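So that the names make sense, note that chain A is the first sequence line, chain B the second, and so on, each numbered from 1. Just so we're clear, the structure is a prediction, and the values are computed from it rather than from any experiment.
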Amino acid sequence: MTTVEKYFKTISDVPVEDYFAPGHRLCAGCGASIAIKLAMKAIKSPTIVVNATGCIEVATSMFPYVSWRVPWVHVAFENTAAVASGISEGLKILNKKRGKIMYDVIAIGGDGGTFDIGLQALSGALERGHKMLYICYDNEAYMNTGVQRSGATPIGAVTTTSPAGEIIPGKRERKKDLIGIVAAHRIPYAATASISHPLDFINKVRKALEINGPTFIHVITPCTLGWRYPPSLTVKIARLAVETRYFPVFEVEDGRVKINIRVSRPKPLEEFLQVQGRFRHLLDDRNRDVLEALKKQVEENWNKLVKLEELGVYI
Amino acid sequence: MSKLEYVRKMALMGDEAVAYAVKQADVDVIAAYPITPQTIIVERLSKYVADGELNASFIQAESEHSALSICIGSALAGARTFTSTASQGLALMHEVLYIASSMRAPIVMAIANRALNSPLNIHCDHSDIMGARDTGWIHLFANNVQQAYDLTLMAFKISEDPDLLIPVSVNLDGFILTHSIEPLEVLLDEEVHQFIPHEPYPHEIDFGNPLAYGVMALPDTYMEFKRQFQEAMLKVPEVFHKTTREFYTISGRTYKSLTSYFTEDAEAVVIALGSTVETLKYVARKFREKNIKVGVLGLTMYRPFPEKEIVKVLENVRCIAVLDRAYSYGGVGGPLYTDILASLYKNGMKPIVADFVYGLGGRDFKLTDSEEIFRKMMKAIECNGFERDIYWWGVKE
Ligand SMILES: Cc1ncc(C[n+]2csc(CCOP(=O)(O)OP(=O)(O)O)c2C)c(N)n1
Ligand code: SF4
Ligand SMILES: [Mg+2]
């Protein structure tokens with residue numbers, strides 16, 4: 001493994017202090033809550049969090065209780081990258097003009113708020129180059145509104161708006177290559193991570209925060225409700241996503257790809273699929289073609305990364 | 001002319017006057033997206049920043065939705081914040097308009113009032129701002145370029161008042177004001193700095209004492225948030241008057257929530273918003289010369305609606321014509337008309353009233369139009385009523 005382990009070498013290097021407080025109303029076994037808890041361990045100086053509408057936002061800010069021990073802002077669903085831009089620029093100019101202290105700005109959005117409705121605002125912010133870290137926690141559907149399909153939902157997955165019916169076997173389209181889109185902006189740092197590999201993720205968050213420019217982390221966060229599995233399996237499923245090459249863990253630094261978790265002998269994809277209700281129908285013979293299509297996409301994605309890394313070209 | 005007089009007098013387009021005021025306000029963040037007829041405002045501002053005349057962060061967003069979202073972020077960070085838009089841009093901002101006001105983000109926005117698609121039309125009407133009427137912003141209307149400049153300066157003071165922290169829109173008629181060069185008197189930079197010094201945002205971001213902005217509220221608490229906001233709105237007139245009084249001491253120019261012209265003894269009063277008020281005033285003077293008792297009422301402040309002041313002016317008026325440069329399709333009439341009708345009814349007044357829907361998509365409103373409306377009003381007094389309740393003025397039927 002070539003995980004980024006620069007700032008925190010072992011788990012005992014990670015601060016005990018939690019800026020993401022317990023007592024929130026996220027589901028037991030929520031993968032996204034693990035991601036946010038870990039990310040907040042990596043902050044290095046005064047930080048402000050900007051949160052898009054979605055599970056994390058709704059379940060951590062129910063008046064009069066909040067789970068945030070840092071300043072926290074929620075404005076709407078699709079504009080989190082824009083709000084973060086405004087805070088970042090506002091603080092910067094105030095620092096320059098009137099000596100106010102600087103903050104690190106972390107924007108947090110779900111896959112729906114990032115892949116789909118917030119993609120324009122994200123692209124604008126990345127292109128303008130503000131200093132901020134955007135973390136997309138990806139549970140592969142609109143969970144807060146009751147598990148509807150998003151651009152992050154993979155082919156074959158069942159959601160409430162891509163059900164497996166008599167003639168249509170779940171979502172028909174492929175998952176959007178978000179990190180590819182992000183990297184195409186040529187920002188200094190973009191990375192993927194999984195909650196099953198906390199040190200890798202925490203180090204990436206810290207690394208991103210050290211960079212003076214826009215940075216992006218895409219973290220896979222299984223959802224017990226939408227993926228339909230018992231809450232105790234969250235971390236295990238996240239690990240299977242990595243070990244089956246379903247979710248490759250890599251970085252794109254200044255346009256160059258580096259695979260952080262090299263999966264030389266991938267587990268069969270079925271191991272990842274069979275524990276989740278959303279994929280169970282794919283193991284039915286009737287849907288063999290969809291399963292094959294998903295396998296092919298997983299393989300293509302992996303091979304592309306290996307090639308890009310080998311070539312050492314800028315993407 | 002002494003040097004001082006020289007720097008006080010300028011000839012500027014409405015857009016340029018707004019940009020000049022924003023520069024003098026030493027704004028910290030400008031986030032906007034171009035749209036005719038607002039573009040000159042942001043072009044001038046970006047030049048001021050590029051030339052080092054204004055120390056600000058100029059951000060051209062990738063949409064108006066993002067522009068206003070950026071503004072919320074920068075305002076909460078404590079930065080003095082400005083944006084500007086028109087028409088489709090304001091419509092695209094719609095969602096964020098409510099959030100800006102209910103998060104109590106002090107922002108000033110100039111709106112170069114323009115018609116809405118479809119058909120596409122870049123010329124003046126008030127459909128854009130009327131769609132944003134109930135978003136919880138303070139809406140001010142300029143009648144001329146001088147007012148566009150003055151109101152922009154005052155807007156910062158009103159918006160940033162710690163009792164309010166409510167965003168303010170300054171409306172100026174597209175092309176009619178945005179692109180017309182008029183002479184105006186400007187303040188000196190030092191005077192502006194004294195009038196609107198930079199004060200810290202009262203709920204500043206503080207890592208040591210973290211606050212959550214924009215939380216979620218359930219039915220048991222949501223209504224109280226909204227009521228608190230309405231209570232803040234009720235404080236606006238007092239802050240507005242305090243601000244205009246202070247502005248008078250440095251500029252010698254008087255502002256009230258209403259512009260009343262020959263209304264004291266008027267039998268017939270025309271009510272309007274924006275540049276049309278100037279046209280009406282000119283024609284009213286001519287009628288007065290012939291001893292015809294007409295008057296003009298312009299609203300400088302449209303939201304909060306100056307109901308008390310308006311009914312006071314209209315107390316003894318027999319006939320009222322409301323000029324609406326927008327319409328509520330399928331509704332009772334134009335937006336200003338329904339506001340006036342409601343105010344009259346609440347105060348037990350029953351004058352003759354008609355709505356004149358005019359100038360949509362930039363259709364010219366000439367002196368002769370104004371004359372004809374005044375004559376119609378005199379006739380309505382004689383006949384004890386108009387022939388219609390709603391006129392589509394100047395439409396080809
Ligand atoms: C403009 C707008 N459209 C729709 C919604 C409804 N909505 C709120 S949260 C949400 C889903 C969020 O999905 P995602 O970003 O993936 O986050 P998750 O709920 O999965 O954590 C939707 C559709 C909204 N709040 N605003
Ligand atoms: S629905 Fe899914 S993402 Fe939302 S709180 Fe529950 S487990 Fe977490
Ligand atoms: Mg989601």
Quick check for you: to the nearest 0.5 Å, what is the distance between [X] atom [atom1] and [Y] atom [atom2]?
X        : Y       : atom1 : atom2 : result
A/Thr221 : A/Ile36 : OG1   : CD1   : 8.0 Å
A/Asn203 : A/Tyr7  : CG    : OH    : 8.0 Å
A/Ile135 : A/Ile56 : CD1   : CD1   : 10.5 Å

What I'd like to find out is whether the side chain of [X] reaches to under 4.5 Å of the side chain of [Y], using heavy atoms alone.
X        : Y        : answer
A/Phe115 : A/Ile181 : no
A/Thr234 : A/Trp227 : no
B/Val170 : B/Val18  : no

So for [X], is it side chain, backbone, both, or neither that comes closer than 4.5 Å to the heavy atoms of chain B?
X        : result
A/Val75  : both
A/Leu122 : neither
A/Leu91  : both

Hey, mind stepping through A/Leu178 and A/Phe216 against side-chain contact (heavy atoms from CB on, under 4.5 Å) and telling me if it holds? CA-CA 10 Å; A/Leu178 181 70; A/Phe216 186 91; 3.5 Å; yes
Is [X] in contact with chain A via its backbone, its side chain, both, or neither, using a 4.5 Å heavy-atom distance?
X        : answer
B/Leu211 : backbone
B/Ala56  : backbone
B/Ala212 : both

Anything under 3.5 Å between chain A and chain B that's a donor-acceptor pair? List each one with its distance, please.
{"residue": "A/Ser61", "atom": "O", "partner": "B/Met216", "partner atom": "N", "Å": "3.0"}
{"residue": "A/Ser61", "atom": "OG", "partner": "B/Met216", "partner atom": "N", "Å": "3.4"}
{"residue": "A/Phe63", "atom": "N", "partner": "B/Met216", "partner atom": "O", "Å": "2.7"}
{"residue": "A/Trp72", "atom": "N", "partner": "B/Leu211", "partner atom": "O", "Å": "3.1"}
{"residue": "A/Trp72", "atom": "O", "partner": "B/Tyr213", "partner atom": "N", "Å": "2.7"}
{"residue": "A/His74", "atom": "N", "partner": "B/Tyr213", "partner atom": "O", "Å": "2.8"}
{"residue": "A/His74", "atom": "ND1", "partner": "B/Gly214", "partner atom": "O", "Å": "2.9"}
{"residue": "A/Glu78", "atom": "OE2", "partner": "B/His65", "partner atom": "NE2", "Å": "3.2"}
{"residue": "A/Asn79", "atom": "ND2", "partner": "B/Ser69", "partner atom": "OG", "Å": "2.8"}
{"residue": "A/Glu89", "atom": "OE1", "partner": "B/Ser57", "partner atom": "OG", "Å": "3.1"}
{"residue": "A/Lys97", "atom": "NZ", "partner": "B/Asp26", "partner atom": "O", "Å": "3.3"}
{"residue": "A/Lys97", "atom": "NZ", "partner": "B/Asp26", "partner atom": "OD1", "Å": "3.0"}
{"residue": "A/Lys97", "atom": "NZ", "partner": "B/Val27", "partner atom": "O", "Å": "3.3"}
{"residue": "A/Lys97", "atom": "NZ", "partner": "B/Asp28", "partner atom": "OD1", "Å": "2.7"}
{"residue": "A/Lys97", "atom": "NZ", "partner": "B/Asn55", "partner atom": "O", "Å": "2.8"}
{"residue": "A/Arg98", "atom": "NH1", "partner": "B/Asp28", "partner atom": "OD1", "Å": "3.2"}
{"residue": "A/Arg98", "atom": "NH2", "partner": "B/Asp28", "partner atom": "OD2", "Å": "2.9"}
{"residue": "A/Arg98", "atom": "NH2", "partner": "B/His198", "partner atom": "ND1", "Å": "3.4"}
{"residue": "A/Lys100", "atom": "NZ", "partner": "B/Glu204", "partner atom": "OE2", "Å": "2.6"}
{"residue": "A/Tyr103", "atom": "OH", "partner": "B/Ile205", "partner atom": "O", "Å": "3.4"}
{"residue": "A/Tyr103", "atom": "OH", "partner": "B/Phe207", "partner atom": "N", "Å": "2.8"}
{"residue": "A/Gln120", "atom": "NE2", "partner": "B/Ser63", "partner atom": "OG", "Å": "3.4"}
{"residue": "A/Arg128", "atom": "NH1", "partner": "B/Glu62", "partner atom": "OE1", "Å": "2.9"}

Which of A/Ile48, A/Leu94, A/Val50 touches chain B most, by non-hydrogen pairs under 4.5 Å: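 So the answer, after comparing A/Ile48, A/Leu94, A/Val50, is A/Leu94.
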Run A/Thr215 and A/Ile217 through side-chain contact (heavy atoms from CB on, under 4.5 Å) and show every step you take. CA-CA 7 Å; A/Thr215 51; A/Ile217 296 175; over 6 Å; no
Side-chain (A/Lys41) to main-chain (A/Val16) donor-acceptor, under 3.5 angstrom: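 Yes; judged by distance alone, with no hydrogens or angles, the pair exists.
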So, the side chain of A/Thr159 versus the backbone of A/Arg149: is there a donor-acceptor pair under 3.5 Å, distance only?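 Yes.
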Based on non-hydrogen pairs under 4.5 Å, which of B/Val29, B/Ile59, B/Leu218, B/Ile205 is most in contact with chain A?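 The option with the most such pairs is B/Ile205.
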